Engineer: 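Let me give you the structure first, and then I'll get to my questions.
In what follows, every chain begins at residue 1, and chains take the letters A, B, ... in the order their sequences are listed. Predicted model, so just to flag it, every value in this text is computed and none were measured.
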There are 2 protein chains.
Amino acid sequence: MARVGLTAERLARAGAELADEVGFDQVTVSALARRFDVKVASLYSHVKSSQDLRTRIALLALEEMADRGAAALAGRAGKDALAALANVYRDYAREHPGRYAAARLRLDPEAAAASAGGRHAHMTRAILRGYDLTEPDQTHAVRLLGSVFHGYVSLELGGGFDHSAPDSEETWTRILDALDALLRSWPAA
Amino acid sequence: MARVGLTAERLARAGAELADEVGFDQVTVSALARRFDVKVASLYSHVKSSQDLRTRIALLALEEMADRGAAALAGRAGKDALAALANVYRDYAREHPGRYAAARLRLDPEAAAASAGGRHAHMTRAILRGYDLTEPDQTHAVRLLGSVFHGYVSLELGGGFDHSAPDSEETWTRILDALDALLRSWPAA
DNA sequence: GGGATTTGCCTATAGCTTGTAGGTAGCTGC
DNA sequence: GCAGCTACCTACAAGCTATAGGCAAATCCC
C-alpha cells in the first residue's frame with residue numbers, strides 16, 4: 001500500500017493545474033484522485049468536500065495573483081503602477097484561466113477573511129496614491145478599477161473580443177489610457 | 001399517465017426560475033423534473049442534454065435583458081441613455097441573479113450567433129451616438145462599457161461591496177458620472 | 001528493537017446526476 | 001372509433017460525492 005504523500009496543499013496545487021487544463025468547473029474530487037492514481041475516498045482525509053477543494057484552489061489563486069501584483073507594483077507609481085497591476089490580472093487570467101475562474105468563486109465570509117482579498121484591495125488603493133483622490137472618491141475609484149479589470153478580463157477570456165477589430169491588445173492599452181485620464185480628472189460629486 | 005405539457009420553451013422558463021432560486025449551477029435536469037413532478041427521462045425528449053438546457057436558459061436571459069434594454073433606451077440619449085442601459089443590467093442581475101449568471105455562460109459560436117448578443121452590442125453603440133467618438137475609439141468604448149457593467153454587477157452580486165462604506169448605490173451613481181465624463185473627453189491615442 | 005499509536009490509503013456502499021433504450025398510454029385526425 | 005404520433009414511462013449504465021470501517025505503513029517511545 002504505497003503512500004503517495006497527499007496533503008491538502010498538494011491537492012490544491014494539483015487541482016489548480018487541473019483547472020487550467022480542463023476548466024475550473026471540471027475540477028472534481030474524482031478527477032483529482034485519478035491524477036494521483038489513488039482512490040477517491042483517500043482524498044476525503046485531506047479535503048472536507050468538493051467545495052472545500054474548490055475553496056482551497058481559489059485561495060491559492062488569490063494568493064498567487066497578490067504575489068504577482070506586489071512584485072509588479074514595487075517601485076512604480078501613477079499610470080505605470082496602474083498598467084502594471086492591470087496587466088498582472090490580465091496576464092494571470094490568460095496564463096491560468098482555471099485558476100482565475102477559481103479566484104472568482106464566491107467565498108464564505110470566513111474563507112474570504114483568510115484570503116488575499118485584503119491584499120488586492122490594498123494594492124489598488126496604493127495605485128490611487130498616485131492620483132489626487134480623497135475619500136469617498138477613492139473607494140469609488142477602487143471599485144471602478146476592480147470592475148474594469150475583472151470585467152474586461154472576463155469578457156476577453158469568454159472570447160467576446162475574438163472576432164472583431166480592433167484587436168483586444170489595442171483596446172486594452174486605450175482603456176488603461178482612459179482610466180488614467182479619468183483618475184487624473186475625477187469628476188466632483 | 002397525465003400529460004403535463006412539457007416543451008423546451010417551458011423547461012427553459014422553469015429552469016430560469018429555478019436558477020434564480022437556487023443558483024444557475026444548481027440547475028439540473030433532475031431538479032427540473034422534480035419541479036414538474038415528472039420522471040427525469042421525460043425531459044430528454046424536449047432537451048438534448050443538461051448543457052442544452054443551460055444554453056436555452058442563457059438565450060432566454062439574454063433576450064429578456066435585450067428587451068428591457070430596448071425599452072429603457074427608447075427616447076433617451078447621452079448620459080440619460082447611458083444610465084438607463086447600465087441600470088437595466090444591474091437591476092436585472094439583482095432581480096434575477098440566476099438568469100444573469102446564465103447569460104454569462106460561454107456559448108458555442110452557433111448559439112452565440114442566434115442569441116441576442118448582437119442586440120446588446122447594438123444598444124451600447126446606440127448610446128455612444130450621444131458622444132463624439134469615431135472608430136476605432138467607439139469600439140474601445142463599447143468594450144469599456146461592457147467591462148464596467150459586467151464587472152461591477154458581478155462584483156456587487158458576489159457581495160464584494162457589502163460590508164464597506166460608502167454603499168454600492170452611491171458608488172454606482174458616481175461611476176456612471178465618471179463614465180459620462182470620460183466619454184465626453186475621450187483621450188486621443 | 002519492538003510494541004503502541006497515529007496516519008494514509010484502502011474497500012464497500014449509498015445516493016444523486018446524466019444519458020440511452022425501449023415500452024405504453026393518451027391525444028389527434030380522419 | 002381506430003391508426004398513428006407523441007408524451008411520458010420503466011429500466012438501466014456510468015460517473016461523482018460522501019461516509020463508514022479496515023488494514024498497513026510510518027512514527028513514537030521506552
Engineer: Between Arg34(B) and dC16(C), is there a contact of a side-chain N or O with OP1 or OP2 at under 4.0 Å?
Structural biologist: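 So the side-chain polar atoms of Arg34(B) never come under 4.0 Å of the phosphate oxygens OP1 or OP2 of dC16(C).
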
Engineer: Is the phosphate of dG8(C), meaning OP1 or OP2, less than 4.0 Å from a side-chain N or O of Ser45(A)?
Structural biologist: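 Answer no for this pair, as no side-chain N or O of Ser45(A) is under 4.0 Å from OP1 or OP2.
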
Engineer: Quick check: do Arg94(A) and Glu156(A) have side-chain heavy atoms less than 4.5 Å from each other?
Structural biologist: yes

Engineer: Report which part of the nucleic acid Ser50(B) touches: base, sugar-phosphate, or nothing (heavy-atom distance under 4.0 Å, all strands).
Structural biologist: sugar-phosphate

Engineer: Around atom CG of Asp132(A), are there more than 12 heavy atoms from other residues, nucleotides or ligands closer than 6.0 Å?
Structural biologist: no

Engineer: Quick one: Asp25(B) CG to dT18(C) P, roughly how many Å, whole number?
Structural biologist: 12 Å

Engineer: Provide, to the nearest angstrom, the distance between the CG atom belonging to Leu43(B) and the C1' atom belonging to dA7(D).
Structural biologist: 12 Å

Engineer: Rounding to an integer number of Å, can you tell me how far Gln26(A) CD sits from dT17(C) C1'?
Structural biologist: 14 Å

Engineer: Check the distance between dT17(D)'s P and Leu53(A)'s CG and give it to me in whole angstrom.
Structural biologist: 9 Å

Engineer: Could you check whether Ala41(B) gets within reach of a base, just the sugar-phosphate, or nothing at all, counting any heavy atom under 4.0 Å?
Structural biologist: base

Engineer: Check whether Tyr92(A) forms a cation-pi arrangement with Arg68(A) (NZ or CZ under 6.0 Å from the six-membered ring centre, at most 45° off the ring normal).
Structural biologist: no

Engineer: Calculate the interatomic distance between Arg54(B) atom CZ and dT18(C) atom C1'; express it in whole Å.
Structural biologist: 11 Å

Engineer: Could you check how far NE2 of His46(A) sits from C1' of dG8(C), rounded to whole Å?
Structural biologist: 6 Å

Engineer: Which is more 5' along DNA chain D, the nucleotide nearest Thr28(A) or the one nearest Lys39(B)? Just name the residue.
Structural biologist: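 Nearest-nucleotide comparison on DNA chain D picks Lys39(B).
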
Engineer: Take atom CG of Leu11(B) and atom P of dT18(C), then tell me their distance rounded to the nearest Å.
Structural biologist: 13 Å

Engineer: Between P on dT7(C) and CZ on Arg10(A), what's the gap in Å once rounded to a whole number?
Structural biologist: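 Atom CZ in Arg10(A) sits about 19 Å away from atom P in dT7(C).
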
Engineer: Do Asp52(B) and Ser49(B) come close enough that some side-chain heavy atom pair is under 4.5 Å?
Structural biologist: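 Yes, at least one pair of side-chain atoms sits under 4.5 Å.
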
Engineer: Could you please name the option among dC9(C), dT18(C), dT17(D) that lies closest to any side-chain atom of Tyr44(B)?
Structural biologist: dT18(C)

Engineer: Any side-chain heavy atom of His122(B) sitting closer than 4.5 Å to one from Val142(B)?
Structural biologist: no

